Amino acid sequence: MNRTERLYALVEELRAIAPRPRTVGWLAARFGVSRRTVQRDMRALMEAGAPVRSEAGQHGGWFIDRDTTLPPINLTAAEALAVAAALAGAEHATPFSAAGPGAMRKLAAALGASAAEEVRALTERVHVLPGGAAEGVLTAVEQAVARRRVVWIRYADAEGRQSEREVEPSGLLAASGAWYLIGWCRARRAGRGFRLDRIMAAELREESAPGHAMHDLDHELADRARHAESLRTLSAR
């Protein structure tokens, strides 16, 4: 059993008896490793965001909250490669991409040995050039959309002319390889789309934003846009 398989097995062992704990000694004997290795593995799981915790005392040990974990993820190699490639392309350039590396670490810990090896091999052949939105822009835009808050932006159009806007966000749109913030522009008194890589700066305001449906902002755009199949699966749950 390699380390990736052991990390996955440790989580599954703790989930199976949750919320009761397992001692370090018991886990070391179960997986045929040293107590020090178990402690190192458990700390790695915590750093990766797994909900594992330790409790001191005679009846303590490592435990997990069953309600905070997902059931086993049985992805095929092709499915795992699709997720890995999508996360690599999104890094530092698309909304909510900051959480991508943590998500990939958790996924890697849950993969079977052959799928994990294919993903590792792919990482040696996928490279990403720095770029995308300016520092701090993605965070402000993400929060504006998620929390329905007004956002101030300094925006450069296709000719490089800059202007300052306050936007009441409606949502995010992906088109032709670029991401856009869609919302009501107070300066233009109309619905507008702002390419994220042309937003030079952004600040989240305290003011709540009125709800704007995309169809109310731009009928033609709303008729052309569609919900991504991968997101449709989540929204249908």
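Values below: all heavy atoms of this structure, side chains included; hydrogens, waters and symmetry mates excluded. If you're wondering where the values come from, they're calculated on a predicted model, not measured in any experiment.
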Measure the [atom1]-[atom2] distance between [X] and [Y] for me, rounded to the nearest 0.5 Å.
| X | Y | atom1 | atom2 | value |
| --- | --- | --- | --- | --- |
| Glu166 | Cys185 | CD | SG | 9.5 Å |
| Leu10 | Glu5 | CG | CD | 12.0 Å |
| Thr94 | Glu142 | OG1 | CD | 8.5 Å |
| Ile182 | Ser170 | CD1 | OG | 7.5 Å |
| Ile17 | Ile64 | CD1 | CD1 | 10.0 Å |
| Arg3 | Arg40 | CZ | CZ | 6.0 Å |

Single-linkage hydrophobic cluster, 4.5 Å side-chain cutoff, Phe63 and Val52 together: no
Would a hydrophobic clustering, with Ile, Leu, Val, Met, Phe, Trp and Tyr connected at side-chain separations under 4.5 Å, put Val150 with Met200? no
Does some side-chain heavy atom of Trp62 sit less than 4.5 Å from a side-chain heavy atom of Ser54? yes
Any side-chain heavy-atom pair of Glu91 and Ser97 under 4.5 Å: no
List the residues meeting ring-ring contact (aromatic ring centres under 6.0 Å, His included) with Phe31, not counting sequence neighbours, and say none if there are none. none
Donor-acceptor side-chain pairing of Arg161 and Ser163 below 3.5 angstrom: no
List, by chain and then residue number, the residues other than Ile199 in its hydrophobic cluster (Ile/Leu/Val/Met/Phe/Trp/Tyr, side-chain heavy atoms under 4.5 Å); write none if there are no others. Phe96, Val137, Leu138, Val141, Val145, Val151, Ile153, Tyr155, Val167, Leu172, Trp179, Leu181, Phe194, Leu196
So for atom CZ, which belongs to Arg20, do other residues, nucleotides or ligands contribute more than 12 heavy atoms lying within a distance under 6.0 Å? no
Could you check whether atom CZ of Arg22 has more than 12 heavy atoms from other residues, nucleotides or ligands sitting under 6.0 Å from it? yes
Check: [Y] main-chain N/O paired with [X] side-chain donor or acceptor under 3.5 Å:
| X | Y | result |
| --- | --- | --- |
| Thr23 | Trp26 | yes |
| Thr139 | Gly136 | no |
| Arg149 | Leu204 | no |

Minimum heavy-atom separation for [X] to [Y], with atom names?
| X | Y | answer |
| --- | --- | --- |
| Glu118 | Leu81 | O-CD2, 3.7 Å |
| Ala28 | Arg35 | CB-N, 3.9 Å |
| Ala84 | Leu122 | CB-CD2, 4.3 Å |
| Ala209 | Pro169 | CB-CD, 3.8 Å |
| Arg192 | Ala190 | NH1-CB, 3.4 Å |

Is there a side chain to side chain contact (heavy atoms under 4.5 Å, CB included) between Arg30 and Glu13 once you walk through the steps? CA-CA 10 Å; Arg30 167 70 177 80; Glu13 177 63 40; 4.0 Å; yes
Is any NZ, NE, NH1 or NH2 atom of the basic residue among Asp41 and Arg6 found under 4.0 Å from an Asp or Glu carboxylate oxygen of the other? yes
Could you go through Arg205 and Trp152, starting from their C-alpha distance and side-chain angles, then the distance that decides it, and tell me whether this counts as side chain to side chain contact (heavy atoms under 4.5 Å, CB included)? CA-CA 7 Å; Arg205 300 302 198 204; Trp152 169 88; 3.4 Å; yes
Member of Gln39, Arg36, Met42 meeting the side-chain contact (heavy atoms from CB on, under 4.5 Å) criterion with Val24: Gln39
Option from Arg186, Arg147, Arg148 for which salt bridge (Lys or Arg N to Asp or Glu O under 4.0 Å) with Glu207 holds: Arg186
